[in-house]
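It should be emphasised that the depicted structure is a prediction, and the values quoted were computed from it without experimental measurement.
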Amino acid sequence: MGKQVNNLANNLLLTTFFKHCTVLFIFTLSITIQSQNLPTGDGKKYTLGEVTVQGNTSFSEQTIITYSGLSKGKEITIPGEDIGNAIKKLWNSKLFNDIEVYVTSIEGNVASLEIRLSDLPQLNELKVNGVKKGKIEGIIKDNKLNKGVKVTENLVTTTKNFLTTKYKKEGFYNTKIHINTIEVKDSTPTARVNMVLNIDKGEKVKIKDIDFVGNDVLSDKILAKSMKSTKKINRLRILKRSKFVDSAYQADLGKVIDKYKENGYRDARIVSDSLIVNDDKKTISLRIEVLEGEKYSFGDIAFIGNTVYTNQQLSRMIRINKGDTYNGVLLQKRIADNSKPDGDDITNLYQNNGYLFSSINPVEVGAANNVIDMEIRISEGKPAYFNSVTVVGNDKTNDHVIYREIRTRPGQLYSKANVVRTVRELGQLGFFDAQEISPNFNNPNPNEGTIDMEYSVKETGSSQIELQGGYGGGGFIGTLGLSFNNFSIKDIFKKDAYKPIPMGDGQKLALRLQASRFYQTYSFSFSEPWLGGKRPVQFSTSLSHTKQFLYDYTTGNADKSRSFNITGITFGLAKRLSVPDDFFVLSQAIGYQRYDLNNYNTGLFTFGDGYANNLSYTVGLSRNNTSVDPVYPTGGSNFNVTAKLSLPYSLFDGVDYSGLKDEYDDLDLTDSDDYARAAEIDQERYKWLEFYKVKFKGDWYTEIVKDLVLKPSVEFGFLGAYNNDRGVIPFERYFLGGDGLGTYSLDGREAIALRGYPNQSLSDNDGGTIYNKFSLELRYPITLKASAKIYALSFLEGGASYNSFRDYNPFDIKRSAGLGIRIFMPAFGLLGIDFGHGFDPIESYGETSSHGWETHFIIGQQF
């Protein structure tokens, strides 16, 4: 056997394990071992003779020799750098390990060498323990642990370090990572190993204490409160947890400094911060040392470079006066509030009026006697104009449907407000994923004053199969409907357009069937949001028919020989207004309904065979400026007020209703003849329905902290009569309670949801003429991704139904509270479930204590 190349002054043995650096190689060269029988040398030059390769490798001998540079006939020095450089080349290829070079013989000035090495093993299989299956793919991608990768010590070390650091930043401070490799022994010549990656994240550490050092001006309590996501353990706190997350902690350190800046201490800084792991290993303590500095106030604030707006106009936007306590955070918000794209700041003042390329920079020009003099330096630039405006990503929706909602036009002066409003309008269409709508600024040219605008959208399901179920009105209520919300009626006769239906023109077509043991309802509706295609004037029409069966109190079932048939048709127009602003919509509709009674007697009126006609005019005013996503609004409000009116027939039909009322009051309804006369009077009173109906509903959305939304709501409805002698009609009434599933809705009556109580249980059997409802809902999203939007909610509600204003008391309400969840997926539509607890008894049910828990649900499917 040959001997390794070494310092030939001692012997010919040299160990060359060059894994990390040249220093290690030189150190190895100097090792003196026992002298052998081969001739020695003193750093002489040799010509290479035979060079052979030994070891477990899949590479050819010639490839390895060529790559090393130790080719036959080459002159090298032994000892010297030549062999070291060869080993370095082979090692840097990251293909081999255990690289050794031996001298096998020396004859005269000819030396023969042998290179011994083995291939680095390839990764065959990876098993990851300790994390959910859905996280494994990310671990493989982040650490490049794909099958076939060369497994080096560096790969193992960097994987451990990466995962340890990653989980510590997420609050798992006791994370332990173990990696084992197991050699694969089979007939395959390639060296392979299986890797087992064991991840023990442990529990997230909690923050036991947050100690501030050096703070005299601001208390520990104030500074700790400024840290929005880093909180110490407090069992009474629900919304914020005390688990430590490094990224949130680093952001909160910045908020501590911002708190000082808000109070005039512009030089405040964090001197040091340390994390101490407590003895229990489950909690940590944070120690934050601050240097507060001195308090400052604002001096003179001058504007430099402004020609478009006067100093007085800009001062009104800044709203900071000389002598005010210095507040750097407030100053920056008044210049550019990054948290509000439509904020009331100087940057938006310029950008909403064309100055896209403007820049506003506050500069401190003096700080004598702790008074900060400021210059607001403004570079206005050229006004920018839209050069081209395009939309990408709309595969189903036709271009004209999108372009008519866009408020930025080619050649138009740039306005940031119009860009923000366009994103909102596209999101409100319901055809695209609101979270994915992106305004892209392309080819900005400050010299020419032009910008290309591209709106990127992502189509989402906009048509629905509606499937609802619930209990109310004495039995199960089922609803099946088809709602096509991006319909194209012009393509209805084109066979190729059915994918599965003609789509793309933004029209809405709905077919609906609702049924229970006691009624059946069929309806058809169609709406065109841009009648004529030039203005946002919505035309809508609907046709409906319902058959309602009389409840038999003796059997508890429906008597299908006695029915109430209702047929109706409605035409409506809705127009977007420009004043007070263009969020307002004025809607008008004319509707007609025909009521036919077939042996259908109720307590509301005496005739069981007859008819009634309902010709009405409805006018409504609404304003909706909620934020982009209609599924989960985070700001704005939505309110509407409507009035539904009939003609005042009693003014001109010549009927003496006062006399009829007096006669009716004198009748003995237990007498058959008097009862028959009462039926004739009721038929005359309700031949043409005379009434007015007013309703108001308002919702407000406020983002308390990021994504946590508070939604207060209020509703009020009133049904009245022009002529008290005719009285309030027996239709168009309100039924309060439950999940709000409509029942007999096409005779004008409305089902009003109030969770925590059964459906329609908070109104008389014949409905109420007045109702009010108040609710407060707190929402928090679990995910708002395109594949599924899920949010949890809690609610407080109260409401009541009344028969007249004499009974009306807005404080005498039925109260409830509960929890719920909403899931919206393109494949299934809206899924919801609420658990509500009614705090008050239902007198009509004979209850004397709180009603208790009710479950309410909605199921929808969307494609």
> Just by modelled atom types, is the R755 backbone N or O under 3.5 Å from a matching donor or acceptor in the E797 side chain?
Replying inline: yes

> Under 3.5 Å, side chain of T855 to main-chain N/O of F835, donor-acceptor pair present?
Replying inline: no

> Do the side chain of S616 and the main chain of K644 share a donor and acceptor less than 3.5 angstrom apart?
Replying inline: no

> Looking just at side-chain N and O atoms, do R594 and N613 make a donor-acceptor pair shorter than 3.5 Å?
Replying inline: yes

> Cation over ring, R685 on Y657, under 6.0 Å and within 45°?
Replying inline: no

>> Please verify the inter-ring angle class for H851 with Y845; under 30° counts as parallel, over 60° as perpendicular, anything in between as tilted.
In response: perpendicular

>> Looking at L736, is its backbone amide N or carbonyl O close enough to the side chain of S763 to form a donor-acceptor pair, meaning the two atoms are under 3.5 Å apart?
In response: yes

>> Using 0.5 Å steps for rounding, measure from the CG atom of L669 to the OH atom of Y675.
In response: 7.5 Å

> What is the ring orientation for W853 with H837, classed by angle as parallel under 30°, tilted 30 to 60°, or perpendicular over 60°?
Replying inline: perpendicular

>> Within this structure, what is the CG-CG distance for the pair N599 and D609, rounded to the nearest 0.5 Å?
In response: 5.5 Å

> After noting the C-alpha distance and the side-chain angles of S713 and E777, does the key distance pass the side chain to side chain donor-acceptor pair (under 3.5 Å) rule?
Replying inline: CA-CA 8 Å; S713 301; E777 199 167 274; over 6 Å; no

> Between atom OH of Y791 and atom CZ of R779, what is the distance when rounded to the nearest 0.5 Å?
Replying inline: 3.5 Å

>> Salt bridge or not between D840 and K814? Use side-chain N to carboxylate O under 4.0 Å.
In response: no

> Y808 vs F716 aromatic rings, parallel, tilted or perpendicular, using cut-offs 30° and 60°?
Replying inline: perpendicular

> Regarding Y802 and D812, is there a side-chain donor-to-acceptor distance under 3.5 Å anywhere?
Replying inline: no

> Sub-3.5 Å donor-acceptor pair from the side chain of D699 to the main-chain atoms of K711, do we have one?
Replying inline: no

>> Could you tell me if the side chain of L660 sits less than 4.5 Å from the side chain of D725, heavy atoms only?
In response: no

> In terms of heavy-atom contacts, does CZ of F652 have more than 12 from other residues, nucleotides or ligands at under 6.0 Å?
Replying inline: yes

> Looking at D505 and S488, what are the two nearest heavy atoms and their distance?
Replying inline: OD2-OG, 2.7 Å

> Testing Y632, W700, F583, Y701 for side chain to side chain contact (heavy atoms under 4.5 Å, CB included) with T626, which one passes?
Replying inline: Y701

> Is a salt bridge present between K789 and D433, judged by a nitrogen-to-oxygen distance below 4.0 Å?
Replying inline: yes

> Between the side chains of N640 and S622, does any donor sit under 3.5 Å from an acceptor?
Replying inline: no

> K687 versus Y649: any side-chain heavy-atom pair under 4.5 Å?
Replying inline: no

>> Quick check on F811: does its CZ atom have over 12 non-hydrogen neighbours (other residues, nucleotides or ligands) under 6.0 Å away?
In response: no

>> If you apply the rule side chain to side chain contact (heavy atoms under 4.5 Å, CB included), what do you find for S816 with F795, and how did you get there?
In response: CA-CA 8 Å; S816 68; F795 64 87; 4.1 Å; yes

> side chain to side chain contact (heavy atoms under 4.5 Å, CB included) between N614 and F731: does it pass, once the steps are laid out?
Replying inline: CA-CA 10 Å; N614 183 2; F731 313 109; 5.7 Å; no

> Should F484 and L509 count as side-chain neighbours, where that means a heavy-atom distance under 4.5 Å?
Replying inline: yes

> For N772 and P810, which heavy atoms make the closest approach, and how far apart are they?
Replying inline: OD1-CA, 3.6 Å

> Which class fits the ring pair Y600 and F564: parallel under 30°, tilted 30 to 60°, perpendicular over 60°?
Replying inline: tilted

>> Is it the case that atom CZ in R576 sees more than 12 heavy atoms from other parts of the structure closer than 6.0 Å?
In response: yes

> Can you tell me how far CG of L719 sits from NZ of K693, rounded to the nearest 0.5 angstrom?
Replying inline: 6.5 Å

> Under the side chain to side chain contact (heavy atoms under 4.5 Å, CB included) criterion, do Q683 and Y611 qualify, and how do the steps go?
Replying inline: CA-CA 7 Å; Q683 174 67 86; Y611 65 92; 4.3 Å; yes

> How far apart are the closest heavy atoms of E690 and Y722, and which atoms are they?
Replying inline: CG-CD1, 3.3 Å

> Donor-acceptor pair, D764 side chain versus D766 backbone, under 3.5 Å?
Replying inline: no

>> Please check this pair: side chain of Y498 against backbone of I492, looking for a donor-acceptor N/O pair closer than 3.5 Å.
In response: yes

>> Between the side chains of K396 and E459, is the shortest nitrogen-to-carboxylate-oxygen separation below 4.0 Å, so that they form an ion pair?
In response: no

> Can you check side chain to side chain contact (heavy atoms under 4.5 Å, CB included) on L482 and I501, steps first, answer last?
Replying inline: CA-CA 11 Å; L482 299 176; I501 58 167; over 6 Å; no

> In this structure, which one of K508, Q507, M503 forms a side chain to side chain contact (heavy atoms under 4.5 Å, CB included) with N486?
Replying inline: M503

> So, does N625 use its side chain to make a donor-acceptor pair with the main chain of S637 at under 3.5 Å?
Replying inline: yes

> In terms of side-chain heavy atoms, does Y757 have a donor or acceptor partner in E854 at a distance below 3.5 Å?
Replying inline: no

>> Checking side-chain polar atoms at under 3.5 Å, does T546 have a donor or acceptor matched by the opposite partner on T521?
In response: yes

>> If you compare all heavy atoms of I842 against all heavy atoms of P758, which two are closest, and at what distance to 0.1 Å?
In response: CD1-CD, 3.6 Å

> Is the backbone N or O of Q548 less than 3.5 Å from a side-chain atom of S563, with the two atoms forming a donor-acceptor pair by type?
Replying inline: no

> Under 4.5 Å between any side-chain heavy atoms of L615 and I590, yes or no?
Replying inline: yes

>> I need the minimum non-hydrogen distance between K490 and K494, along with the two atoms involved.
In response: O-CE, 4.4 Å

>> Working to the nearest 0.5 angstrom, can you tell me the gap between F432 CZ and T460 OG1?
In response: 10.0 Å

> Which heavy atom in A434 sits nearest to a heavy atom in D629, and how many Å separate them?
Replying inline: CB-CA, 3.4 Å

>> Within the 4.5 Å heavy-atom criterion, are Y771 and L762 side-chain neighbours or not?
In response: no

> Above 12 or not: heavy atoms from other molecules or residues under 6.0 Å from CZ of F718?
Replying inline: yes

>> Is it true that, when you exclude D668 itself, more than 12 heavy atoms of the residues, nucleotides or ligands shown sit nearer than 6.0 Å to its CG?
In response: yes

> Is the backbone of I729 close enough, under 3.5 Å, to the side chain of R733 for a donor and an acceptor to pair up by distance?
Replying inline: yes

> Is there side-chain contact between I752 and E750, with heavy atoms separated by less than 4.5 Å?
Replying inline: yes

> Do the side chains of F607 and Y686 get nearer than 4.5 Å, heavy atoms only?
Replying inline: yes

> If you measure from CG on L597 to CD1 on I566, what distance do you get to the nearest 0.5 Å?
Replying inline: 8.5 Å

> Is R822 paired with D834 through a side-chain N to carboxylate O contact shorter than 4.0 Å?
Replying inline: yes

> Any Lys/Arg nitrogen of K661 or D665 sitting under 4.0 Å from an Asp/Glu carboxylate oxygen of the other?
Replying inline: yes

> Tell me, do E732 and Q593 make a side-chain contact under 4.5 Å, heavy atoms counted?
Replying inline: yes

